[in-house]
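Before any comments, here is the structure.
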Amino acid sequence: MDVSRILSGLNEAQREAVAAPLGNQLVLAGAGSGKTRVLVHRIAWLIHTEQLSPQSILAVTFTNKAAREMRERIESLLGISTRHLWVGTFHGIAHRLLRTHWHAAGLPQAFNVLDADDQLRLVKRVHSELNLDEERWPAKQTRWFINAQKDEGRRPEHIEAAGDLFLTTMVEVYRAYEAACARTGLVDFAELLLRSHELWLRHPDLLHHYQGRFRHLLVDEFQDTNAVQYAWLRVLAGEVLSVTAVGDDDQSIYGWRGARIENIHRYCDDFAQVQTVRLEQNYRSTGTILGAANALIARNADRLGKELWTAGEEGTPISLFAGFNEQDEAGYVIERIEHHLNQGFQRSDIGVLYRSNAQSRVLEEALLRAAIPYRIYGGQRFYERLEIRNALAYLRLLVHRQDDAALERVINTPSRGVGAKTLESLRERARADGVPLWDAMHTCVTSGGLPARARSSLAAFIELIDDLQVSVQGLPLGTLVDVVLERSGLLAHHGAEKGEKGQARIDNLRELVSASRQFDTLLWADEEMRAEVEGSSPLAMFLDVAALEAGDAQAHEDEDSVQLMTLHSAKGLEFPVVFLTGVEEGLFPHKMSLEEPGRLEEERRLCYVGVTRAMQHLYLTYAEMRRLHGSDHFHKISRFVREIPPEFIQEVRMNHAVERPFTGADSLGGDAVYQLGQRVRHGTFGEGVILNAEGAGRQARVEVQFDAEGSKWLVLAYAKLQPI
DNA sequence: AAGATAGTCGTTTTT
DNA sequence: CGACTATCTT
């Protein structure tokens, strides 16, 4: 492969970034400017032209998906295996380091990763041990506090809390929580980062080893790094390694969970001779969409400054639609979706975006009614499902008996007569002896202090786990998981759930078996990975994958479908047609963000992200009246819409497609002619008068002012109205 | 130990 | 309004 291939097809700025001499570089990559492409080609360039060996490159991303994509693209560009290249998420890399250097990091070899759900349970337990009132001290708040502290790199002893009841209490819980984690060998997500940072600081020999191994570090989505991640990177780079930071300050939308946009500025100060390259040519959107995006983001202060441009078409104006209410808004979205589908777009070419998840329902219902297949992002993911978490808990116990979080989850699932009281005495025993629950359980069984029945239940549980461990010895991973599901009684337990739930749970558990089998196959096909199993086991490695990667929300759904998601999850994606719904003051920008200017700017960046997802057609829609939390809200149009110059926007006429008089189904299933002002009778609501109408055919709806019930929007096809 | 019921709360989310 | 939880009931 020759060098020209690495540079061909790149624009001047991209080429500059890719072919820069080895050194510190900041790539400010605007939306749709070919950021991933530059990263991938940069790595190829370093290997090819700077003669860096693949193992001397470390590339860090935020999501597993991004890491996977980068790996795949490097492989296809260079035609080499990326096995020796370190590409992964911050958490994944930190985890790998801790697994390798567990001893130096002060962890038990078999430590388990604690996910958000188990973390909350643990916090609750610590709360009750400290006799904190759940009312006054919500566990979620404490979890948030602990994670925020860890994200900032602070241990309890770093927090100045004197005289402040809130802080003193939080620090006390933080301490007790840490002690519980240490006792039971559990490491939460933030801890992975914090501890591997401390690993660098406390073991200069290890740090030097890695500084010798790596030559260059690349970080994607730099604007999303938090304080620990930045510190980790800074220490690792030291004075010897160079760093490519790629990011876009205008797309920083995770400030609320610790991301520090300032890290981009700090990078320029802290690292020597940073060369900055701006990628401003956009290959995604029309001139109109970019004009709107540029104008919008220009309202933010303290930007590094960037203006997107395109060599392409101006395109069509942005459509702005005002609905009466959210149903009306959804009706318009459906109508336009159908229009674009008729034009020849695929359903997957269409993205429907919203600020908060609660908004998805009305849209879903409308899509369902119109029989348009859709896919909704977000929601519960595979490894987060109850039955899967239960199964993983059994597996975790097999690997690591000290895992209290796992033990608590399954000791009585399925129920085997270990109730709340027994569990409470177990916890007390564990607390008194300063040991994990498993050990306390042994003590209780042998030395008494419990009713005979509870003792035999516990003994049976111990035997179950120990027996499982023995009988599972030497089995291939898939079979092992299968046996555990069967013998633990989980399969029967979940299968017995009524309705379709039971079957769905069984299906998911079967899916887990096949996922583990697949993982096993992959593992044994790979020399390198097999080497890593030394000192570990396929099961332990599978559990790590499950902990660090939540999996997809929907099981392989491959039907062409319209894509529904929040603005946050839309980052990094693009669609020929985009609907940005609910552009209303209070909703977007969200009312919680209105007070602090900083948060409002983040909302604006979120809007910028939304607008720049669109390639050809962008729709902004809002509802004049919206039912939220059971009451009506009358929102004004979002300020963000006003911030877009009017020349880019075309207001769509309200009451579109209304035909008056118009026809629709009547109570006998035939067609009837209706008019505004006409009196009608409804089966349940009684008599009323038609005030308003919109849509046509199956979608035709009318607003009826009922004499007794007030006014309601009804779909003619279902309402079975009788003209009077 | 399941099932019913009352009470609460209501951005955004990855790892 | 409706999803989720905690608590009470059988």
Side-chain angles (χ1 to χ4, degrees), chain A residues 60-67 88-96 113-121 124 134-135 138-140 143-144 147 150-151 187-194 196 220-221 224-226 228-229 252-259 326 353-362 377-381 383-384 386 412-421 493 496-498 544-553 565-572 582 584 586-594 599-600 602-603 605-607 609-610 626-633:
Chain A
V60 196
T61 62
F62 272 83
T63 65
N64 291 303
K65 196 172 144 215
T89 64
F90 272 105
H91 294 268
I93 286 160
H95 174 259
R96 183 174 179 169
V113 178
L114 191 68
D115 69 27
D117 193 63
D118 281 339
Q119 187 187 22
L120 189 67
R121 289 156 158 267
K124 279 184 181 160
E134 231 358 87
E135 288 275 278
K140 283 200 172 144
R143 178 178 65 179
W144 186 86
N147 289 338
K150 289 191 178 187
D151 283 347
V187 175
D188 62 45
F189 288 128
E191 182 76 21
L192 289 170
L193 302 172
L194 183 50
S196 68
D220 194 12
E221 306 280 14
D224 287 339
T225 51
N226 65 27
V228 195
Q229 286 161 339
S252 160
I253 56 176
Y254 286 110
W256 51 274
R257 66 171 202 221
E326 67 272 27
L353 314 183
Y354 36 82
R355 175 66 236 268
S356 64
N357 285 309
Q359 287 166 253
S360 71
R361 247 208 24 232
V362 181
Y377 280 65
Q380 217 180 27
R381 311 247 285 292
Y383 289 110
E384 288 167 3
L386 180 76
N412 203 33
T413 311
S415 50
R416 46 175 73 86
V418 183
K421 279 193 83 177
H493 172 71
E497 289 185 58
K498 62 170 190 274
D544 285 339
V545 172
L548 290 168
E549 195 164 348
D552 280 330
M565 69 194 78
T566 62
L567 285 157
H568 281 89
S569 26
K571 193 167 89 161
E584 295 153 36
L587 199 63
F588 188 36
H590 196 274
K591 60 176 180 297
M592 307 302 286
S593 307
L594 291 178
R599 308 201 61 189
L600 181 68
E602 185 158 308
E603 294 277 310
R605 291 193 291 270
L606 193 54
C607 188
V609 167
R626 182 180 295 274
R627 216 167 163 75
L628 265 177
H629 317 318
S631 52
D632 291 339
H633 293 252

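What you see is a predicted model, and the numbers here were worked out from it, not measured in a lab. To find a chain, count down the sequence lines: A is the first, B the second, and so on, and within it residues start at 1.
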Taking side-chain hydrogen bond (donor to acceptor under 3.5 Å, both in side chains) as the test, write out the residues that go with Q229(A), two or more places apart.
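Testing Q229(A) for side-chain hydrogen bond (donor to acceptor under 3.5 Å, both in side chains), a comparison that skips the adjacent residues, returns none.
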Take the protein atom [atom1] of [X] and the nucleotide atom [atom2] of [N], then report the distance between them rounded to whole Å.
X       : N       : atom1 : atom2 : result
L600(A) : dT12(B) : CG    : C1'   : 15 Å
Q359(A) : dG2(C)  : CD    : P     : 16 Å
Q380(A) : dA3(C)  : CD    : P     : 14 Å

Here's a test of your reading of the structure: between E602(A) and R416(A), which maps to the more 5' nucleotide of DNA chain B?
R416(A)
Just label dT12(B) as syn or anti from its O4'-C1'-N9-C4 or O4'-C1'-N1-C2 angle, using within 90° of 0 for syn.
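dT12(B): anti glycosidic orientation.
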Expressed in whole Å, how much space separates the C1' atoms belonging to dG2(C) and dT13(B)?
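The same atom, C1', in both gives a distance of 22 Å.
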Considering all heavy atoms, the nearest F189(A)-L548(A) contact:
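Nearest heavy atoms, F189(A) then L548(A): CE2-CD2, 4.2 Å.
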V113(A) versus H95(A), closest heavy-atom pair with distance:
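Scanning both residues, the minimum pair turns out to be CG2-CD2, 3.8 Å.
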Determine whether [X] and [Y] make a side-chain contact, defined as any pair of heavy atoms from C-beta on separated by less than 4.5 Å.
X       : Y       : result
H633(A) : R627(A) : no
T566(A) : Y377(A) : no
T413(A) : H493(A) : yes

List the residues meeting side-chain contact (heavy atoms from CB on, under 4.5 Å) with T63(A), not counting sequence neighbours, and say none if there are none.
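Testing T63(A) for side-chain contact (heavy atoms from CB on, under 4.5 Å), a comparison that skips the adjacent residues, returns K65(A), A66(A).
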V60(A): which residues meet the side-chain contact (heavy atoms from CB on, under 4.5 Å) condition with it, sequence neighbours left out?
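Checked V60(A) against side-chain contact (heavy atoms from CB on, under 4.5 Å); matches are L58(A), F90(A), I93(A).
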For a quick test of reading the model: is some side-chain N or O of R599(A) closer than 4.0 Å to OP1 or OP2 of dT12(B)?
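Answer is no, no contact under 4.0 Å.
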If you take the centroid of each ring, where Trp contributes its six-membered ring, are H91(A) and F62(A) closer together than 6.0 Å?
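No, too far apart.
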Nucleotide-resolved protein contact map, nucleotides 4-10 of chain C, B/S/- at heavy-atom distance under 4.0 Å
--S----
Can you name the atoms? Protein N/O to nucleotides 8-10 of chain B N/O, anything below 3.5 Å, with the distance.
{"from": "dG10(B)", "atom 1": "N3", "to": "H629(A)", "atom 2": "ND1", "distance (Å)": "3.1"}

Would you mind checking if K571(A) and D224(A) are paired as a salt bridge, meaning a charged N to carboxylate O distance below 4.0 Å?
yes
Indicate yes or no: does R355(A) engage E603(A) in a salt bridge with an N to O separation below 4.0 Å.
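E603(A) and R355(A): salt-bridged.
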Between protein and nucleic acid, restricted to nucleotides 13-15 of chain B and to nitrogen or oxygen atoms under 3.5 Å apart, what atom pairs and distances do you find?
{"from": "dT13(B)", "atom 1": "OP1", "to": "T566(A)", "atom 2": "OG1", "distance (Å)": "2.6"}
{"from": "dT13(B)", "atom 1": "OP2", "to": "N357(A)", "atom 2": "ND2", "distance (Å)": "3.3"}
{"from": "dT13(B)", "atom 1": "O4'", "to": "R257(A)", "atom 2": "NH1", "distance (Å)": "3.3"}
{"from": "dT13(B)", "atom 1": "O2", "to": "R257(A)", "atom 2": "NH1", "distance (Å)": "3.4"}
{"from": "dT14(B)", "atom 1": "OP2", "to": "R381(A)", "atom 2": "NH1", "distance (Å)": "3.2"}
{"from": "dT15(B)", "atom 1": "OP1", "to": "N64(A)", "atom 2": "N", "distance (Å)": "2.8"}
{"from": "dT15(B)", "atom 1": "OP1", "to": "N64(A)", "atom 2": "ND2", "distance (Å)": "3.3"}
{"from": "dT15(B)", "atom 1": "OP2", "to": "R381(A)", "atom 2": "NH2", "distance (Å)": "3.2"}
{"from": "dT15(B)", "atom 1": "O2", "to": "H91(A)", "atom 2": "NE2", "distance (Å)": "3.4"}

Hey, does D224(A) reach any base, or is it just sugar-phosphate, or nothing, if we go heavy atoms under 4.0 Å?
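Since no nucleic acid heavy atom lies under 4.0 Å of D224(A), the category is nothing.
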Would you classify Q229(A) as touching base, sugar-phosphate or nothing, given that sugar-phosphate means primed atoms plus P, OP1 and OP2, and contacts are heavy atoms under 4.0 Å?
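Touches nothing.
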